[in-house]
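The structure appears below as structure tokens.
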Protein chains: 2
Amino acid sequence: MTQTKTRKIKTTRLKVRPIRKNSISDDIVQQIISLISSGDLKAGQRLPSERDLCVKFAASRTSLREALRCLSIMGVLTARAGEGTSVAMDGVKFMETVLQWRMSTELHDIEDLMEVRIALEGIAAASAAENGKEADLKRLQDLVAKMEVSVNDAKRFAALDLDFHLSLAKASNNKLIHDLITVIRGQLERGVAKVLQLPKAMPLSVEEHKAILQAVFARQPEEARAAMQAHLNTATLRYRAAKNKLHSPEESSHLKAAGKS
Amino acid sequence: MTQTKTRKIKTTRLKVRPIRKNSISDDIVQQIISLISSGDLKAGQRLPSERDLCVKFAASRTSLREALRCLSIMGVLTARAGEGTSVAMDGVKFMETVLQWRMSTELHDIEDLMEVRIALEGIAAASAAENGKEADLKRLQDLVAKMEVSVNDAKRFAALDLDFHLSLAKASNNKLIHDLITVIRGQLERGVAKVLQLPKAMPLSVEEHKAILQAVFARQPEEARAAMQAHLNTATLRYRAAKNKLHSPEESSHLKAAGKS
DNA sequence: ATTGTCATATTGTCATACCAATGTCAAGAT
DNA sequence: ATCTTGACATTGGTATGACAATATGACAAT
């Protein structure tokens, strides 16, 4: 069969473009996104009923529903039977599901996440020191004070820690950074809980947060960045220690409660 | 006046949770994500036909399709008539649609994007200098060489520039950073084109890329980071200039306001 | 004033049918 | 032998109708 030679290339090279039919659902999704983008659909606003939208889009209810359902699952829309469909109020759920998917379908190393997180939270700290409003800074102060008296309650401490970092990200006044930090932190939640189990972890963490807070209050962007990045670097080291020290063999997803035999 | 007094609050505060019925499509989506996450479904692998999946999930084809369609639109699956449905090979499309949606439904300032980009590409340059493989570095060198002889072809230059930055991000060996840079860069594409219209923009850009390249080849992470961030900072300044000089008023549509949310 | 009931509108689910695109493979043409 | 062609089966894409489940408001009953 080696004589299946190449001389058979007499097929003329026509300059045509492949025809591509975008699916109807795809099209509808894009249109709705555009409507939201242009402001014709505002957050919380209700959409016409599915049957009405069918005729507006000149599509079947099947195709329309595939589009609406997709947007609902992603958190862009909220739909409930009897009530109708409306634009979601908070776009955060969207990013949450998204990163959850991303993290699930494509493995990202914890170290990769931390590398990005260190950079972003560094920016956030610097920006907060530079531009943060007094109210935001006050809130950070309160949170650190609460952390200081919660060093014996790991669960509460973790919640306060999360609140601190997100509040600081918000104070940076860069919404993209706030979004990214939120979703990345969500992926690291388990790791955070582990780190806090280490002895002295919480008191040390309080001191580090105090250092960040001080730099932010002093309106020293670079110091704030350095303090934040130092905090997260040691947190990364503590995570590695926790990972190796504590039941190291398996670290993966879920503990399979083997039950008390 | 207000005799609708408050004493009527004897309604006991019960700790109950609202009833929530997850839709079938939602459930199927979660299950498929889990299958991909657990490795039971690998990238490129084909799923059973829709009609088969119907019986496996014990759901109607409508519900099943709403789930599959959602995953297809988001880029997690790829489906074509006659061929079947399979797990997408390239997860980048997913992040692209995601950020596109996010950018559309929630306004992000160009400056916010650049701030994040500067940090991430700084990391990428440093990591590439530290860990980049020789082949990756060689590719960067080739790209800069091509850029140097393309200073009169803005379109080609822009493509080479994009290639350079993404290749460097890839060389950093941090997939999350590569993803984020890719999508952020996608949002900035128009801005990049504008900047290159400025006089001397391309020759200057070449020099800056050479500086980055040199630092990376010298295996000097901090120098590489500094060179990259200097490059992007001047690019930002050039963008502002281009925005103000050229027909400015229209189209940016992002005005930064202290968003409270 | 609270509760029960009903009508109505809307989303959620299902079953069925048909269309369009793709792959398979055998029959026929060269 | 090799290539083309066409029929056929498989599969995703679309459309339609029907019914269930849920939320809302009006209204009667207690």
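In what follows, every heavy atom counts, from backbone to side chain, and hydrogens, waters and symmetry copies are set aside. Computed from a predicted structure; not experimentally measured.
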By salt bridge (Lys or Arg N to Asp or Glu O under 4.0 Å) - contacts of [X] (at least two apart):
X      : answer
A/R185 : A/D161, A/E189
B/E50  : B/R61, B/R65
A/R46  : none

- prompt: Any salt bridge between A/D142 and A/K138, counting N to O under 4.0 Å?
  reply: yes
- request: Could you state the atom-to-atom distance from CZ of B/F57 to P of C/dG12 in whole Å?
  value: 19 Å
message: I'd like to know if the side chain of B/S127 and the backbone of B/A124 have a donor-acceptor N/O pair within less than 3.5 Å.
response: no
- prompt: So, the side chain of A/S150 versus the backbone of A/D153: is there a donor-acceptor pair under 3.5 Å, distance only?
  reply: no
message: Let me check I have this right: for DNA chain D, each base becomes ., (, ), [, ] or |, based on Watson-Crick or G-U pairs with both distances under 3.5 Å. What is the full string?
response: ||||||||||||||||||||||||||||||
message: Using a 4.0 Å heavy-atom cut-off to protein, can you give one letter per nucleotide of nucleotides 9-14 of chain D, 5' to 3': B if the base is in contact, S if only the sugar-phosphate is, - if neither?
response: --BBBB
message: Once ring pair (Phe, Tyr, Trp, His ring centres under 6.0 Å) is applied, do any residues pair with A/F164, and if so which ones, sequence neighbours excluded?
response: A/H209
message: Taking the side chain as everything from C-beta on, heavy atoms only, tell me whether B/F57 gets closer than 4.5 Å to B/Q31.
response: yes
